[in-house]
Protein chains: 2
Amino acid sequence: MVFPIKLDFFRYYCVLFLRFTLFLKSKHKYADEVLVIDKLEFLLALAREKHFGHAAEACGVTQPTLSAGVKQLEETFGVLLVNRGSRFQGFTPEGDRVLDWARRIVGDSRAMRQEVHALKHGLAGRLRLAAIPTALAMVETLTTPFRARHPAVQFTVLSRTSTEILALLENLEIDAGLTYLDNEPLGRVTAVPLYMERYRLLVAADAPLSDRESVSWAEVAQVPLCLLTPDMQNRRIIERMLRDTGVEPNITLESDSMVLLYSHVRTGRWASVMPARLATTLGLTDSDKLCSVPIEGPEVTHSIGLVAPAREPLTPLTAALVTQARRIAPSLLD
Amino acid sequence: MVFPIKLDFFRYYCVLFLRFTLFLKSKHKYADEVLVIDKLEFLLALAREKHFGHAAEACGVTQPTLSAGVKQLEETFGVLLVNRGSRFQGFTPEGDRVLDWARRIVGDSRAMRQEVHALKHGLAGRLRLAAIPTALAMVETLTTPFRARHPAVQFTVLSRTSTEILALLENLEIDAGLTYLDNEPLGRVTAVPLYMERYRLLVAADAPLSDRESVSWAEVAQVPLCLLTPDMQNRRIIERMLRDTGVEPNITLESDSMVLLYSHVRTGRWASVMPARLATTLGLTDSDKLCSVPIEGPEVTHSIGLVAPAREPLTPLTAALVTQARRIAPSLLD
DNA sequence: CTATCTTGATAGATATATCCTATCGATTGA
DNA sequence: TCAATCGATAGGATATATCTATCAAGATAG
């Protein structure tokens, strides 16, 4: 019975203290309500790290500095933004709203810097992208022509799950993503459809089923499979197809790495299921080692495309990427 | 007793590492590129005042402070933003772009504050509006029901020309405006049509034409008229109608004040042309002193409505006003 | 239940930034 | 030519930002 009382008392004390501090502050001469964008970045970092120390490190400052920054925000708004016990306990409702605006303002300020820089030095900088594993091979069709037009632009490409991509986008940690457009709610994003994902069986040339014109999902379910881990949407889609046949699939190996899956398929002991376009793009079927066999049955296709923030205007780099995506889309959509 | 030693060693290592990182990060220790929103406001003030001293006064700082603020912005971006000779000579192209972003960021930061405030204290604050003179009487139909719902909200309403309203809106000096929707290019705004402007002749009860069922534009052109000044779009519209009859209109008095026009019409020596709705809303025709006579001829109507920034989301106050406008619009559009 | 670790807050010191007043130099106008 | 206007600059007072070091309150492991 001691804890609740102490906790309540602590909170009460916090609120009282904050009010008192606010009262004192109002007498100070300057910076009554100076909003520094860097402090908003503190809030963003805190939102993704959920830890004052880690957030501080991410911002390149010490923990007391970040704590003070957040507290200053709370003082300017006159509201507690973060629920604190002995540790970070999430944001208050007001904090959530401020966080939303902070994302927008920080994004805009970055876009502003980038645009001015682009006016001076042409389109340059680093585009941060993330793609679902099965779309990784497609990134090239976007980046290669883009770089031909804008040689000064650099890329960072991460392999992530579809949900992670949306979260990264929301937190301004990436500029755009390549992911499914039609399965999960996308939220506030600009989407450019690029191609449809169709599935094929990938097997070694000397493995069973390799000489077939086509196979059924039921047959696929009976060979030892290596697939992506279940946190990937691609895996869930394929697994659904397999289970719909009534046969319990034989998924003997899973990984989050496409390279690992390939290397196993090459041994002839495993097979895998992957998007048709992926196999051909990588030229895996050019050698005589691997075959990709069409899978019969209901044509399940999933639209994959570029997602960027729904903000208007976009940063010059992101805008150029979206333009590039719109340009190549017709040649990909069969 | 092994742990403390290890811990100390770890901490020592951490500190060394941190120092090293900081050393690499910057030669200047702090604030290499700190963006303060207040400085962006300096830029907005400079854009509308076109004068360093006046802009400084508008921001509540001295001129050197504003000069330094602008210069700091220029240093952060590494570009000149303002063309200076011995005086303010406008913005550079980069300056114009920064100005555009500054408007957006400043607007968002205000909206953020307002929203947090609204979460704490309910919808409160001051709505800054501007309306064209002929729409002034209509403002009441918007503000009265609005205040009934949100009693804590205060209003500031300015009488301005339609072009001024758009400029004020652009510079965040007003939250919304009441103006013509279909005559001039509106730019980036949200528009809510409210009603159509139709014209009537306003005359004293004992003046010529007062007993007519209706009059023609040609007849109107022959009586001494008092109208708004030519910078008002309303005046230009009416004048066009009059000239189209081929008769040179007899505009013997012009003013930017509707009250002045009324007081002259009441003498019986002048007549005026005004929107039908305006006369009835003010109850001018209830007394026996004034009559409003329908004008025959081509039905020229001009749509009038509420304009607000095209930004999304709007500030809570502006959003509530737009909602209110949408609510009352059906009862106004006949 | 105790010892230890983790986490965020706080204190004190110092460097930095901000702002004001006063003044200057250049242009503009009379 | 002289005064007025405009924006830049210098110098000094003061607020602010950041660091290091440390603390106290949970959480955790033994």
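Lettering of chains follows the sequences in order, A, B, ..., and the numbering in each one begins at 1.
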Nearest whole angstrom, please: distance from the P of C:dC20 to the CD of B:E57.
-> 12 Å

To the nearest angstrom, the CG-P distance between B:L46 and D:dC6 comes to 13 Å

Any side-chain N or O of B:Q72 less than 4.0 Å from the OP1 or OP2 oxygen of C:dT18?
-> yes

Short side-chain donor-acceptor distance under 3.5 Å, A:Q63 and A:S67 = yes

Could you check whether A:K39 gets within reach of a base, just the sugar-phosphate, or nothing at all, counting any heavy atom under 4.0 Å?
-> sugar-phosphate

Walking DNA chain D from its 5' end, the first of B:H54 and A:V36 to be reached, judged by nearest nucleotide, is B:H54

Check the distance between C:dG8's C1' and A:E74's CD and give it to me in whole angstrom.
-> 12 Å

Nearest-Å distance for atom pair CZ/P, residues B:F88 and D:dG7 = 8 Å

Let me see the working for B:E74 and B:R84 under salt bridge (Lys or Arg N to Asp or Glu O under 4.0 Å), right down to the final yes or no.
-> CA-CA 13 Å; B:E74 291 179 327; B:R84 306 158 164 91; 2.9 Å; yes

Could you walk me through whether A:E254 and A:R235 pass the salt bridge (Lys or Arg N to Asp or Glu O under 4.0 Å) test, one step at a time?
-> CA-CA 9 Å; A:E254 61 189 26; A:R235 161 70 177 272; 2.7 Å; yes

Spacing of A:K50 atom NZ relative to C:dG8 atom C1', expressed in whole Å = 17 Å

Taking atom CD of B:E57 as the centre, report whether more than 12 heavy atoms of other residues, nucleotides or ligands fall under 6.0 Å from it.
-> no

For B:L35 and C:dA17, give me the distance from atom CG to atom P, rounded to whole Å.
-> 15 Å

For B:P64 and A:A68, take the nucleotide of DNA chain D holding the closest heavy atom to each; which residue's nucleotide lies nearer the 5' end?
-> B:P64

Phosphate contact (C:dC20 OP1 or OP2) by B:T62 side-chain N/O below 4.0 Å | yes

What is the distance, rounded to the nearest whole Å, between atom CD of A:Q89 and atom P of C:dT6?
-> 19 Å

Quick one: is D:dA17 close enough that its OP1 or OP2 comes under 4.0 Å of any side-chain N or O from A:T65?
-> no

Given C:dG8, D:dC19, C:dT28, the nucleotide with the shortest approach to the side chain of A:F52 = C:dG8

Is any side-chain nitrogen or oxygen of B:R84 closer than 4.0 Å to OP1 or OP2 of D:dA8?
-> yes

OP1 or OP2 of D:dT9 under 4.0 Å from side-chain N/O of B:K71 = yes

To the nearest angstrom, the CG-P distance between A:N83 and D:dA25 comes to 20 Å

Considering the options B:T318, B:T156, B:D175, which one meets the side chain to side chain donor-acceptor pair (under 3.5 Å) requirement together with B:R128?
-> B:D175

Determine the contact category for A:S67: base if any of its heavy atoms lies under 4.0 Å from a base atom, sugar-phosphate if only primed atoms, P, OP1 or OP2 are that close, otherwise nothing.
-> sugar-phosphate

